[in-house]
Novice: 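Provided herewith is a single structure, encoded as structure tokens, for subsequent inquiry.
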Amino acid sequence: MTPSVPFRQTWAALALSAAARVALGVGALLVLLSVLPTVAGWQTSVVMSGSMEPTLSPGDVTLVRPVDAAELQTGQVVLVDDPDRPARLRMHRVVGIEDGQLRLRGDANPAADSSLVAPAAVHGVGALRLPGLGLPAVWLAEHRPAPLAGTVGVLAALIGLALLHRAPGRDDDRTDDDRTDGESAAQRSRRSSGRAARTAVLTGAVLALAAPVATSGAAATFTAVTSNPTSTFAAAKYWTCAAALGTGGAGATVYYPLQESRGTTAANSGTAGSAANGTYSGSGVTYRVAGPQCAPSVRSAITLDGTAGQVWSNQQMAGPQTFSVQAWFTTTTTRGGKLVGFGNGAAGAASSQYDRHVYMTNAGKLVFGVYHGTHVTITSAASYNDGRWHQVIATFSGGTGMRLYVDGALAGTAGATAAENTTGYWRVGYDSLDAGWAGAPASGWFAGSLAHVAVSPSVLSAAEVAGQYGAGPLTCSTQTGPSGAAAPRYWPLQEAGGTTAVNNGSTGTVANGTYSAGGVTFGVAGPSCGPGQSAAIRLDGASGQVWSTQVVVNPQVFSESIWFATTTTRGGRLIGFSSGANGASSAQFDRHMYLNNAGQVYFGVYNGGMFTLNSSASYNDGAWHLATASFSATTGMRLYVDGALAGSSTATTLAENTTGYWRIGYDHIGGWPSGPTSGWFAGSLAQASVYDRVLSAAEVTALYSAGS
């Protein structure tokens, strides 16, 4: 009879042990990779925030190499001593050098950092990213025992599996009766020492894997929405429109940012260089109007009058059979017009052969068309002459056919194998449009604003298109969320019904809000906050309100912000802090913004007396406005309306010592200066947020820009 073989001596056990040892070894090698460069003066840091996602995520370990001050240049990602928070670190990108100091900016932030950084405060330049290696440090800092315990359990299991296999004849797999009587004590000792050594090595690997917990954490305020498929920081493809369209992005040959302030030349920033510069028409063009927010200093556009204004390229070329063409635009026209296209008319003259164009119908729908013996078009289902900024991208090749994207999403496809065989020029804002084209508009001249027009010699993928759109204007959600101001409590108020106002802030569901049972109308039109974020709620001024059930103890440093629209003459509370739970009227209440009967915005805190600031203008005009207030002992009180400072005061260093709840749309306001007739707000509200810090003026401006 064949004796049974113990499982620990089988091939299955060997395979399990080998896999576990490889996993532990790889982990240990990664940790060594993160630690060894420190011998040469490099620095290792764990990313503690999600503001750089997807390029950097919480728990990523970054390696930073030292750099001489003379080597610092724009575009580098640097680790510096935080100029605003002593003893902390900041990771941002260098966007300028001013008077010998560095101007930094988070990739997705709408504005550069307010504080300059001295070169002496730079620890180094980002050189390598090790994804997820420092997650235990993040969990430890966030007091999250469950994933820590899970990690310990996984490591323990790996150790057990690594020690599982035993070769036949090993001492620890035999009984005392099986052992050879003549086996020397020295032999048994060597085997015992071998087991101890193996255990020690595996334990060392586990301890090495825990090393990132002790690694210094950087408050990595990298707020990028970039795409970097490698481990290095060499390419930050989508942190501005220019980066998205350049060689690291779409590789545009023709790219007109349209940021000029005067003159006749529309500079080409694409790879074709100045040979493909554009020319502005002699009239019908208004320069430097407000454009999509594509970078701190790139926020302009041109406006065309719809009768004479246009731009044309001076570079004649054979009509491409593979291309992507795109533009940012805003308009309220009802006469349509051509946004961008290809035609044989030189120097702005009307073309006799033309296609590869995107035009707007009288109804505001977008059409992408090519011609090859017949007209082939795609028409968007929606209209876009709503006065908001939109991005259109059209792609074509014989293999992929035609695709039309609007605001990053696919709007339609069509089959076509060729475009017209024409030699011509790229045109912006005007060209011929005969009645043979679907939905041909009343005019070929486009009346509206345009920016960042580009042509690429390849077909952009859906992911690349989404990246192009992501490089443009920030939404209320991105600006308020983790990639922006990072509000702990953020209620977009976008629900279509129900009782829960979801908290999209970093504190999660514990700070969800509750809608009152009545007095709330959901899904009304809100501020222009971006795709999926342009709804609001309407409160009736009698019973409608929202409250958080999260208890907060005596906040003495805070900012609060909310969008509102109303025509009320009875005033009402917009947002504030109170002792009343579950929507009940409060006995203690302050830190609030309210409207008086005249529609002026008031901000007040209580410290033995009522301290208030108020706007000089009234805002009960039915339009959307943003009210923002902040307070701390060092900065005092500040009130902003529509991104502009309406008042400030340092008359008090404390707010009322209260434990309570953040409330929206209602609470007691009795006795406060210019107190309204009612504490109930009658009007629409959206995008309410509360921060545990004082927002900078630049952040407040960015919040307003994202929704206006």
Side-chain angles (χ1 to χ4, degrees), residues 47-54 57-58 85 106 108-110 138-139 141-144 219-223 225 474-495 498-515 526-527 529-530 532-537 545-564 574-578 591-593 626-632 640 659-665 685-696 699-700 702-707:
V47 177
M48 304 300 289
S49 77
S51 57
M52 187 55 180
E53 289 182 311
S57 300
R85 290 175 285 186
N109 288 350
V138 176
W139 297 330
E142 294 177 350
H143 306 290
R144 296 168 60 189
T221 23
F222 258 72
T223 49
V225 192
L474 293 173
T475 66
C476 293
S477 178
T478 56
Q479 183 51 41
T480 308
S483 62
R489 301 165 190 87
Y490 167 38
W491 302 284
L493 306 179
Q494 302 295 297
E495 285 76 21
T499 59
T500 301
V502 175
N503 172 39
N504 283 356
S506 59
T507 53
T509 57
V510 68
N512 277 355
T514 299
Y515 290 109
C529 278
Q533 288 287 310
S534 293
I537 60 169
Q545 61 164 315
V546 188
W547 62 85
S548 174
T549 56
Q550 181 189 39
V551 177
V552 180
V553 179
N554 191 28
Q556 292 294 330
V557 179
F558 65 89
S559 299
E560 57 192 89
S561 186
I562 192 167
W563 283 90
F564 70 93
L574 297 172
I575 186 171
F577 187 75
S578 311
R591 304 166 175 85
H592 51 197
M593 291 190 290
L626 178 69
T628 308
S630 66
F631 175 81
S632 77
Y640 303 83
T659 294
Y661 312 85
W662 288 101
R663 308 272 298 271
I664 298 169
L685 296 169
Q687 308 293 333
S689 54
V690 178
Y691 307 80
D692 297 331
R693 62 185 180 88
V694 172
L695 295 180
S696 68
E699 288 176 311
V700 174
L703 288 175
Y704 177 62
S705 297

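If you read the sequence from its start, that first residue is 1, and numbering goes on from there.
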Novice: Using the side-chain contact (heavy atoms from CB on, under 4.5 Å) rule, take Gln550 and Trp662 through it: C-alpha gap first, then chi angles, then the decisive distance, then the call.
Specialist: CA-CA 8 Å; Gln550 181 189 39; Trp662 288 101; 5.8 Å; no
Novice: Looking at every non-hydrogen atom in both residues, tell me the closest pair between Met593 and Ala629 and how far apart they are.
Specialist: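 Minimum heavy-atom separation between Met593 and Ala629: SD-CB, 3.7 Å.
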Novice: Write down the atom of Ser561, the atom of Leu626, and the distance for their closest heavy-atom approach.
Specialist: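 Between these two residues, the closest heavy atoms are OG-CD1, 3.3 Å.
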Novice: If you look at every heavy atom in Phe564 and Ala627, which pair is closest and at what distance?
Specialist: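 Here Phe564 and Ala627 meet closest at CE2-CB, 3.9 Å.
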Novice: Please report the closest heavy-atom contact between Gly707 and Pro527, naming both atoms and the distance.
Specialist: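 Residues Gly707 and Pro527, closest heavy atoms: O-CB, 3.7 Å.
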Novice: When rounded to the nearest 0.5 angstrom, what distance separates CG in Asn554 from OG1 in Thr659?
Specialist: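 Nearest 0.5 Å value for the CG-OG1 distance: 6.5 Å.
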Novice: Which distance, rounded to the nearest 0.5 Å, do you find between the CD of Glu495 and the OH of Tyr515?
Specialist: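 These two atoms lie 3.5 Å from each other.
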Novice: For the pair Ser534 (side chain) and Cys529 (backbone), establish whether a donor and an acceptor sit closer than 3.5 Å, ignoring hydrogens and angles.
Specialist: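 Present.
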Novice: Please check this pair: side chain of Trp491 against backbone of Trp547, looking for a donor-acceptor N/O pair closer than 3.5 Å.
Specialist: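 Here the side-chain-to-backbone pair does not exist.
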Novice: Please check if the side chain of Asn512 supplies one atom and the backbone of Val502 the other of a donor-acceptor pair under 3.5 Å.
Specialist: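 Not at all, since once roles are kept as given, no pair shorter than 3.5 Å links the two residues.
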Novice: I want to check something: taking the side chain as every heavy atom from C-beta on, are Leu695 and Leu703 in contact at a cut-off of under 4.5 Å?
Specialist: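 Result yes, sub-4.5 Å side-chain heavy-atom pair found.
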Novice: Which atom pair, heavy atoms only, marks the closest approach of Cys476 to Gln687?
Specialist: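 The pair with the smallest heavy-atom distance is CB-OE1, 3.6 Å.
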Novice: Considering only heavy atoms from C-beta outward, does the side chain of Val694 approach that of Ser630 to under 4.5 Å?
Specialist: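 Sidechains of Ser630 and Val694: in contact.
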Novice: To the nearest 0.5 Å, how far apart are CD1 in Ile537 and CD in Gln545?
Specialist: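 One gets 10.0 Å once the value is rounded to the nearest 0.5 Å.
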Novice: Would you check if Glu560 and Phe631 make a side-chain contact, meaning some heavy-atom pair closer than 4.5 Å?
Specialist: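 Side-chain contact under 4.5 Å: no.
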Novice: Indicate yes or no: at least one non-hydrogen side-chain atom of Tyr691 is less than 4.5 angstrom from one of Tyr490.
Specialist: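 Tyr691 vs Tyr490: side chains apart.
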Novice: Please check this pair: side chain of Ser559 against backbone of Arg693, looking for a donor-acceptor N/O pair closer than 3.5 Å.
Specialist: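 Yes; judged by distance alone, with no hydrogens or angles, the pair exists.
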Novice: Quick one: are Asp692 and Pro555 in side-chain contact, heavy atoms under 4.5 Å?
Specialist: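 A side-chain contact under 4.5 Å is absent here.
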Novice: Side chains of Val552 and Val690: closer than 4.5 Å at any heavy-atom pair?
Specialist: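 They are not in contact (no side-chain heavy atoms under 4.5 Å apart), so the answer is no.
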Novice: If I compare all heavy atoms of Ser689 with all of Ile575, which pair ends up nearest, and what's the gap?
Specialist: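 Here Ser689 and Ile575 meet closest at O-CD1, 4.4 Å.
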